[in-house]
Amino acid sequence: MKKGLIVSTIIFALAISLLCFSSVFAQGSQRQRTGSFRSILQTVFAIGDELRALAKDVNLSASQKQQIKTIVLTAKPQAQQLHSQLETKRKELRSALLEINPNQTQIQVIGQDIANISSQMVTFRIQTASQITQVLTPEQKDIALKDLTEIDPLIDQLKEEIQALAINSPLMK
């Protein structure tokens, strides 16, 4: 179960990172807060601690652990495929943006492709989370929901810190 939790945590952290970096461009210079690599790492570790507490608080039975592990392992190939598609499109977008005479139509098409893949990822995460919550008892769902509401502000903080770090980068000045 620890390996599954670690893999899930890593996938979760990567997904959040991708979401944060993509929203940096959408929000521009709206953030005035300064970010640092240290504060980002501290927040990531705090999220990791909260996820470990969540796993402990929910107190899964051996059967539930196995069912969740099966769900995660079954979902992994599709998650990796979506992630790979997103990375490919982001590289295409970077290349298109860095051309001497960028083709605006091509950039818009790639941007729409990225949005579509991101939407597919969100839908896939919701479906996977729904499958996992079906394994939980009502009491476990309540505990998980309570713990997740404590993690949400940390995720928002992480997004803000990553955005601030990117915006306040020496390259942006």
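Hydrogens, waters and symmetry mates are skipped; everything else that's a heavy atom, side chains included, is used.
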Please identify each residue that fulfils salt bridge (Lys or Arg N to Asp or Glu O under 4.0 Å) with K146, with sequence neighbours left out. E150
The side chain to side chain contact (heavy atoms under 4.5 Å, CB included) partner of V135 among Q140, Q67, Q66 is Q67
Identify which one of I162, D156, I155 satisfies the side chain to side chain contact (heavy atoms under 4.5 Å, CB included) criterion when paired with L158. I162
To the nearest 0.5 Å, how far apart are [atom1] in [X] and [atom2] in [Y]?
X: T43; Y: Q157; atom1: OG1; atom2: CD; value: 4.0 Å
X: I114; Y: M121; atom1: CD1; atom2: CE; value: 11.5 Å
X: K76; Y: T74; atom1: NZ; atom2: OG1; value: 12.0 Å
X: Q42; Y: L154; atom1: CD; atom2: CG; value: 12.0 Å
X: I40; Y: Q163; atom1: CD1; atom2: CD; value: 10.0 Å

Should side-chain heavy atoms under 4.5 Å link Ile, Leu, Val, Met, Phe, Trp and Tyr, which residues sit in the same cluster as V122? I126
Apart from L98 itself, members of its ILVMFWY cluster (side-chain separation under 4.5 Å) are none
Could you please spell out the steps behind the side chain to side chain contact (heavy atoms under 4.5 Å, CB included) verdict for V72 and T128? CA-CA 8 Å; V72 170; T128 304; 5.5 Å; no
Do the side chain of T133 and the main chain of A129 share a donor and acceptor less than 3.5 angstrom apart? yes
All side chain to side chain donor-acceptor pair (under 3.5 Å) counterparts of D147, not counting sequence neighbours: none
Checking D49 now: which residues fulfil side chain to side chain donor-acceptor pair (under 3.5 Å) with it, not counting sequence neighbours? R52
Under 4.5 Å between side-chain heavy atoms, counting indirect links through other Ile/Leu/Val/Met/Phe/Trp/Tyr residues: same cluster for V58 and L148 or not? yes
Could I get the full list of side chain to side chain contact (heavy atoms under 4.5 Å, CB included) partners for [X], not counting sequence neighbours?
X: S61; result: S63, Q64
X: L97; result: L93, I107
X: S84; result: T88
X: Q81; result: Q85

L136 vs L60, side chain to side chain contact (heavy atoms under 4.5 Å, CB included): CA-CA, chis, key distance, verdict: CA-CA 8 Å; L136 304 177; L60 298 172; 3.4 Å; yes
Check the side chains of Q112 and N116 for a donor-acceptor pair under 3.5 angstrom, ignoring hydrogens and angles. yes
Output every pair passing salt bridge (Lys or Arg N to Asp or Glu O under 4.0 Å) with a member in residues 104-120, not counting sequence neighbours, ordered by first then second residue. K89-D113
Per the salt bridge (Lys or Arg N to Asp or Glu O under 4.0 Å) rule, what does the pair list look like for residues 130-140, sequence neighbours excluded? none
Would you mind listing every side chain to side chain donor-acceptor pair (under 3.5 Å) that reaches into residues 94-108, with sequence neighbours excluded? none
Contact summary for A96 and P102, nearest pair of heavy atoms: O-CB, 3.6 Å
Is the count of non-hydrogen atoms from other residues, nucleotides or ligands lying under 6.0 Å from K91 atom NZ greater than 12? no
